[in-house]
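Read the structure below first, then the notes.
When a ligand or atom number is given, it counts from 1 through the structure's own listing order. Only a predicted model underlies this, so the values are computations on that prediction, with no experimental measurement involved.
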Amino acid sequence: MAKEYGHYDDAAREYVITDPCTPWPWINYLGTEDFFGLISNTAGGYSFCKDAKFRRITRYRYNGVPMDAGGRYFYIKDGDTVWNPGWKPCKTPLDFYECRHGMNYTSIEGRKDGVTAKVLFFVPLMTWAEVQKLTLTNTTDKVKKLKLFSFQEWCLWNASTDMENFQRNFSTGEVEIEGSVIYHKTEYKERRNHYAYYSVNATVQGFDSDRESFLGLYNGFDAPQAVLEGKPRNSVAHGWSPIASHYLEIELKPGESRDLVFVLGYVENAQDDKWESKGVINKRMARETLSRLDTAAKVDAEFKRLCQYWDNLLQIFSVKSADERLDRTVNIWNQYQCMITFCFSRSASFFESGIGRGMGFRDSNQDLIGFVHQIPERARERIIDIASTQFADGGCYHQYQPLTKRGNDGIGGGFNDDPMWLIFGVCGYLRETGDFSILDEPVPFDNVPGSEKSLFEHLTISFDHVINNLGPHGLPLIGRADWNDCMNLNCFSNDPDESFQTTENKTEGSKAESLMIAGLFVFSGRDYVELCRHLGRNAEADRAQKYIDEMVVSVEKYGWDGEWFLRAYDYFGRKVGSKENEEGQIFIESNGWCTMAGIGLKEGLCDKALDSVKEHLDSEHGIVLNNPAFTRYYIEYGEISSYPAGYKENAGIFCHNNPWVIIGETVRGNGKAAMEYWRKICPAYIKDQTLHKVEPYVYSQMVAGKDAFRPGEGKNSWLTGTAAWNWYTITQFILGIKPTYNGLEIDPCISPDMKEYKVTRKFRGATYEIEIKNPNGATHGIKSISVNGKEITGNLIPLFEEDSFVKITAIL
Ligand code: GLC
Ligand code: GLC
């Protein structure tokens with residue numbers, strides 16, 4: 001059996017890491033709103049409030065040596081031995097180590113020489129602070145005298161300039177120290193109205209706030225001079241690198257335990273209320289927060305509230321089947337990951353630095369389907385934010401910054417799939433909530449006041465953006481790229497200093513068309529038509545349907561390669577993703593979307609396309625993006641051919657798009673194939689944790705494909721559309737519980753060996769307990785359904801009043 005670094009504890013909803021030396025830092029996220037933290041299994045990581053770039057609270061070094069240096073460290077000096085509860089940074093061998101990653105909290109426990117140190121890290125609900133509750137226990141029969149040092153390094157707020165502008169940064173650092181609280185107030189005296197603080201609920205015997213004084217200039221985090229000598233310097237930082245470290249002398253009787261509550265907080269003051277006295281920051285709000293968190297009992301109560309918050313979120317959808325891996329994925333980890341992508345989009349992970357990308361237009365719309373059932377109000381707000389960055393012609397900024405909610409000029413627009421995702425996201429929201437009032441909401445273009453049109457009109461212009469941008473075959477022009485950011489058919493770059501995605505060296509007369517957008521247009525265009533009909537806007541529905549029908553004809557006529565759907569036409573109008581090509585003959589995106597949309601289903605095109613995907617793209621670890629992989633740079637294709645074969649968009653297993661094929665398989669009723677594909681990429685089924693490398697409890701964006709050096713190796717864990725797409729796929733298309741405008745549709749498509757399962761689903765205020773029975777080993781097609789004991793025809797469970805309890809039995 002392959003080595004395991006940890007295991008699931010489903011009852012506690014935790015992943016338990018038992019070996020600190022994981023093949024890559026295995027992280028978790030703290031915080032539910034505004035105040036967030038990333039924390040690795042050895043307590044590495046950093047915190048920020050609202051925006052990982054502009055309001056970074058603690059410093060982190062990416063891709064450091066050793067890996068994952070910097071974080072929330074406690075140093076325990078017991079005689080001559082110095083150790084940390086999370087093993088790092090000292091790496092003193094521990095007698096016991098365990099890290100439990102739970103729902104927005106992490107607890108790390110280390111034991112050494114008869115002392116147990118357990119730290120619980122979490123952000124209380126509605127609080128701009130992270131709590132670190134440290135419990136020290138003496139398990140020996142002798143008195144223990146320990147020296148404890150805490151440690152955090154401040155970031156000078158802007159995480160980007162913090163890493164660059166040293167001629168300024170080394171002179172700006174400022175702190176204030178009051179009792180056991182160390183305040184970080186760099187730049188507060190000029191334009192900032194925010195500061196951070198780090199406290200402990202006990203009298204300290206010393207402190208440090210200057211990094212060099214604490215560590216020693218040439219020492220690493222593993223050997224702070226102050227700790228090694230057991231003597232804090234009581235340093236007050238002036239410029240250079242401010243830190244926060246408390247020093248406590250602790251005496252523990254045999255068997256005695258002591259709790260200490262450390263709080264890392266952040267405050268924004270009103271402009272006219274910044275100061276307590278000249279040069280002294282106004283600490284009122286910090287004190288208020290600290291008074292709410294100054295005892296272990298208060299902290300425990302806050303922790304309980306956080307756990308209840310998650311109880312509530314996770315009881316909206318749960319499944320009970322014979323497969324515990326399926327259950328834990330659906331009931332815990334997939335939902336959790338969707339919530340994390342809601343909070344962080346693609347900004348901050350151990351693969352996203354938090355200083356690069358803001359929120360993606362396309363990404364955020366897709367993410368919606370993963371969390372709308374849990375936090376519909378916040379989904380509503382997100383939709384309005386996203387739509388407000390759209391242009392009047394239906395195009396969209398590709399990304400926007402969460403702090404300002406403004407479109408990102410540096411990247412601009414021109415990704416021609418973007419507009420359709422708004423329809424996809426909004427219809428997902430409407431099906432879940434039935435809140436049609438959102439469609440009347442006035443929403444501006446490019447955030448310009450006065451430009452508002454209703455959200456419904458935004459959907460119309462999104463739809464029209466595709467039909468206003470058709471190419472010579474009547475297929476959608478691709479623009480800078482479609483879903484595949486790296487399919488840059490108008491880029492033609494010879495200059496390594498140009499961005500593939502924002503450069504279009506050729507656009508005049510471009511014939512570059514996308515079959516992926518065509519499939520998306522048919523699939524989500526039908527959503528638009530259905531919505532129009534639901535609203536009684538039949539003329540608009542007819543108009544839209546006509547364009548969809550035309551698109552289907554164009555795809556069948558110009559988008560079919562004989563055995564599968566083409567991927568695109570390039571700038572010159574030549575086929576991409578055809579058997580005529582030398583490399584990149586077949587792609588996942590167009591075959592996924594066109595089969596999801598059921599284009600040519602009756603004529604057998606979907607069957608052929610899916611069989612070809614199986615033959616050419618399937619592999620042990622999942623479906624690769626294209627085949628054969630590109631082995632040289634194709635200037636006419638752009639970034640996709642820049643990657644080595646088997647990685648990322650060049651024939652990697654993009655876990656994000658595997659669900660399209662899986663849904664395609666459900667369209668043709670092949671539940672066996674659908675579930676087989678799903679299990680291949682689902683983390684709960686990972687066989688070799690060392691090979692997979694990244695966290696085994698969440699999806700990663702990519703797993704190295706069959707052409708890679710190490711097929712099966714995962715990368716870019718956590719922040720990926722994979723979370724929402726797999727959630728959508730497993731719950732709606734495989735388990736088959738689909739929210740619709742008029743009720744829940746029951747339409748499973750499963751593996752024939754799944755004999756029964758039960759889903760509990762809260763929907764529009766009622767609770768549905770749905771039992772699916774499959775006595776004959778079918779894969780799809782409901783034979784009979786009873787609702788509260790009465791047989792119904794069809795498979796749509798109508799809406800029930802709030803608080804009703806509805807019992808459904810469906811037989812396949
Ligand atoms: C990344 C991006 C997403 C894009 C995908 C494929 O996951 O976040 O927007 O669609 O890569 O290029
Ligand atoms: C890179 C990545 C792609 C991602 C894009 C976002 O091209 O390969 O996955 O979507 O950056 O800008």
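- In this structure, of Glu639, Glu649, Glu352, Gln501, the residue bringing a heavy atom nearest to atom 11 (O) of ligand 1 is Glu649.
- Atoms of ligand 1 lying under 4.0 Å from at least one heavy atom of Gln701, given by number and element, are 1 (C), 7 (O), 11 (O).
- Among all heavy-atom pairs drawn from Val466 and Pro476, the shortest one is CG1-CG, 3.9 Å.
- Heavy-atom separations between Asn484 and ligand 1 include at least one value shorter than 4.0 Å.
- Heavy atoms of Asp363 found under 4.0 angstrom from ligand 1 belong exclusively to the side chain.
- With hydrogens and angles ignored, the 3.5 Å screen pairs a side-chain donor or acceptor of Asn469 with a backbone N or O of His465.
- Stacking of Arg632 on the aromatic ring of Tyr634 is recorded, both the 6.0 Å distance cut-off and the 45° axial limit being met.
- Residue Arg346 is tested with Asn716, Asp367, Thr720 for a side chain to side chain donor-acceptor pair (under 3.5 Å); the sole match is Asp367.
- Side-chain N/O atoms of Tyr397 and Gln390 include no donor and acceptor closer than 3.5 Å.
- Proximity to Phe654 (heavy-atom distance under 4.0 Å) selects the following atoms of ligand 1: 5 (C), 6 (C), 7 (O), 11 (O).
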